[in-house]
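One structure is given here, and the rest of the page talks about it.
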Amino acid sequence: MKNKKTAKIITGVLIFLAVCIIAGFVVGDIFGKKAEKSETFGIAMGTVVSTKLFSYGDASSQCNDINKLIGELENEISWREENSAVSLLNKNSSVACDEKLKDIFDKASEVSALSSGAFDITVGKLTTLWNIGEENARVPSDKEIKEALKYVDYSGVKTENGKISLKKGQFVDLGAVGKGLACDRVREYLKNTDVKGAVISVGGSVLLYGNAERKKPWTVAVRDPRGESGDYMGVLTLQECCISTSGDYERILEKDGKTYHHIIDPKTGYPSDSGLISVTVVSDSGFLSDALSTACFVLGEEEGKKLLEKYNAEGVFIKNDLSVSVTNGLSDKFSITSDKYTVSGE
Ligand code: AMP
Ligand code: MG
């Protein structure tokens with residue numbers, strides 16, 4: 001089991017290196033010799049965290065600070081951490097909250113409402129039933145799914161009088177926003193340092209930081225959802241922002257010749273089937289890029305694009321016929337680099 005885990009982690013690091021290497025070279029060019037470069041790889045939130053900094057200060061200790069603060073966020077919001085605020089909430093249907101935690105839940109409720117419930121953090125009863133990506137993953141019976149669905153309803157989440165509360169039996173899973181939130185927390189930290197540029201990757205979410213001194217935008221690869229680990233299908237050229245990808249290849253369960261992925265449609269209780277295999281969202285906010293990529297994945301291209309408009313966010317949508325479409329704001333910032341993919345409608 002330990003070997004399996006280590007192999008998974010090493011694979012993760014290799015994927016990251018292959019996918020983000022383009023960004024790395026660009027950064028080196030721009031910040032020149034004066035800035036100290038430091039790079040670390042860690043594991044948090046069940047994924048690889050890669051921190052690449054260009055700093056006029058002590059970059060290696062800044063990398064450590066970043067790994068530490070992502071670990072602290074995980075301890076606060078992961079339902080897997082026994083004493084996290086979210087675990088206490090799930091256990092007692094209520095937990096005291098500070099403004100930061102309240103803000104996370106309020107923003108999540110807003111995305112739920114605007115996506116007509118395609119994004120719903122109370123999906124936890126279902127995600128823990130399927131457990132996709134874990135050793136004990138399984139295909140639940142229709143009856144179990146029907147029972148779990150009774151507890152999936154974002155309107156049951158309330159944030160009042162310094163408390164978050166749920167309807168009895170509901171279970172919150174912040175897995176769809178944790179990595180984007182980590183990007184936001186890292187950016188807050190970086191603003192008070194002498195770091196001049198940074199590329200922080202937490203699983204499927206990436207923070208590009210350091211516009212002020214850069215003359216060129218960043219270049220980021222978009223993973224090929226039907227390729228080998230490390231393959232990419234296109235590149236985005238972007239200024240400082242957050243980018244999150246949701247894909248059907250990230251966590252899977254194969255059973256009786258069928259493949260199930262980890263993004264659940266809260267209306268059916270089954271892995272979503274919107275015709276999309278990957279959605280990448282670009283936003284100023286890490287939380288929103290992450291929440292919206294999950295929401296769009298469930299909603300499908302048409303409704304997903306409408307949702308992105310409401311948040312002034314942009315996206316790359318890859319359909320199961322390997323056609324690709326982007327929102328208007330990315331039309332001159334995204335290019336396909338793999339022959340397998342075509343521009344939608346051409
Ligand atoms: P992401 O990879 O960001 O799209 O997030 C997927 C994770 O979010 C899953 O592993 C679940 O923990 C959780 N999740 C699955 N389906 C949903 C959903 N419809 N709304 C909110 N969270 C979800
Ligand atoms: Mg997400």
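Basis for what follows: all heavy atoms, side chains included, without hydrogens, waters or symmetry-related copies. Just so you know, residue 1 is the first one in the sequence shown, and it goes up from there. The shown structure was predicted, so the numbers you read here are calculated from the model rather than taken from an experiment. Every number for a ligand or one of its atoms is a count from 1 in the order of the listing.
- For atom 15 (C) of ligand 1, the closest heavy atom belonging to the protein is His262 O, 3.4 Å.
- Using a cutoff of 4.0 Å between basic side-chain nitrogens and carboxylate oxygens, Lys267 and Asp120 are not scored as salt-bridged.
- Ion pairing between Lys340 and Asp224 holds under the 4.0 Å rule for side-chain N and carboxylate O.
- Only the backbone of Asp120 comes within contact range of ligand 1, with a heavy atom under 4.0 Å; no side-chain atom does.
- Ranking the protein heavy atoms by distance from atom 3 (O) of ligand 1 puts Asp290 OD1, 3.0 Å first.
- Using a 4.0 Å cut-off between charged nitrogen and carboxylate oxygen, Lys306 and Glu301 do not count as a salt-bridge pair.
- Among all protein heavy atoms, the one lying closest to atom 22 (N) of ligand 1 is Ala176 CB, 3.4 Å.
- Contact annotation: Ser205 places no N, O or S atom under 2.8 Å from the Mg ion (ligand 2).
- Among the atoms of Arg251, none of the N or O lies under 3.5 angstrom from an N or O of ligand 1.
- On a distance-only criterion, Asp173 and ligand 1 share at least one N/O pair closer than 3.5 Å.
- Distances from atom 19 (N) of ligand 1 to the heavy atoms of Ile264, Val123, Asp265, Val298 put Ile264 nearest.
- Within the listing of ligand 1, atoms 19 (N) sit less than 4.0 angstrom from a heavy atom of Pro266.
- Taking the six-membered ring where tryptophan is involved, the planes of Tyr260 and Trp130 are tilted, since the angle between them lies from 30° to 60°.
- Atom CD of Glu309 has 12 or fewer neighbouring heavy atoms from other residues, nucleotides or ligands inside a 6.0 Å radius.
- Taking a cutoff of 4.0 Å between a charged side-chain nitrogen and a carboxylate oxygen, Glu314 and Lys305 do not qualify as a salt bridge.
- Every atom of ligand 1 is numbered from 1 in the order shown, and the set under 4.0 Å from a heavy atom of Thr127 is 11 (C), 15 (C).
- Per-residue contacts place Ser246 under 4.0 angstrom from the following atoms of ligand 1 (heavy atoms of the residue considered): 1 (P), 3 (O), 4 (O).
- A centroid separation of less than 6.0 Å is found between the aromatic rings of Phe297 and His261.
- Close contacts of ligand 1 with Thr294, meaning ligand atoms under 4.0 Å from a residue heavy atom, involve 1 (P), 3 (O), 4 (O), 5 (O).
- Under 4.0 Å from ligand 1, the heavy atoms of Glu250 that appear belong solely to its side chain.
- Looking at Arg80 and Glu74, no side-chain N of the basic residue comes within less than 4.0 Å of a carboxylate O on the acidic one, giving no salt bridge.
- Which parts of ligand 1 touch Ala118 is read off a 4.0 Å heavy-atom cut-off, strictly below it: atoms 18 (C), 19 (N), 20 (N).
- A salt bridge between Glu250 and Arg223 is absent, with no side-chain N of the basic residue lying under 4.0 Å from a carboxylate O of the acidic one.
- A salt bridge is absent between Lys102 and Asp98; no separation between the charged side-chain nitrogens and carboxylate oxygens falls under 4.0 Å.
- Here the closest heavy-atom approach between residue Met45 and residue Ile77 is recorded as CE-CD1, 4.4 Å.
- For Gly175, every N, O or S atom stays at 2.8 Å or more from the Mg ion (ligand 2).
- Residue Phe119 places a heavy atom under 4.0 Å from ligand 1.
- Remark: at the Mg ion (ligand 2), atom OG1 from Thr294 and atom O from Ala176 enclose 100°, rounded to the nearest 10 degrees.
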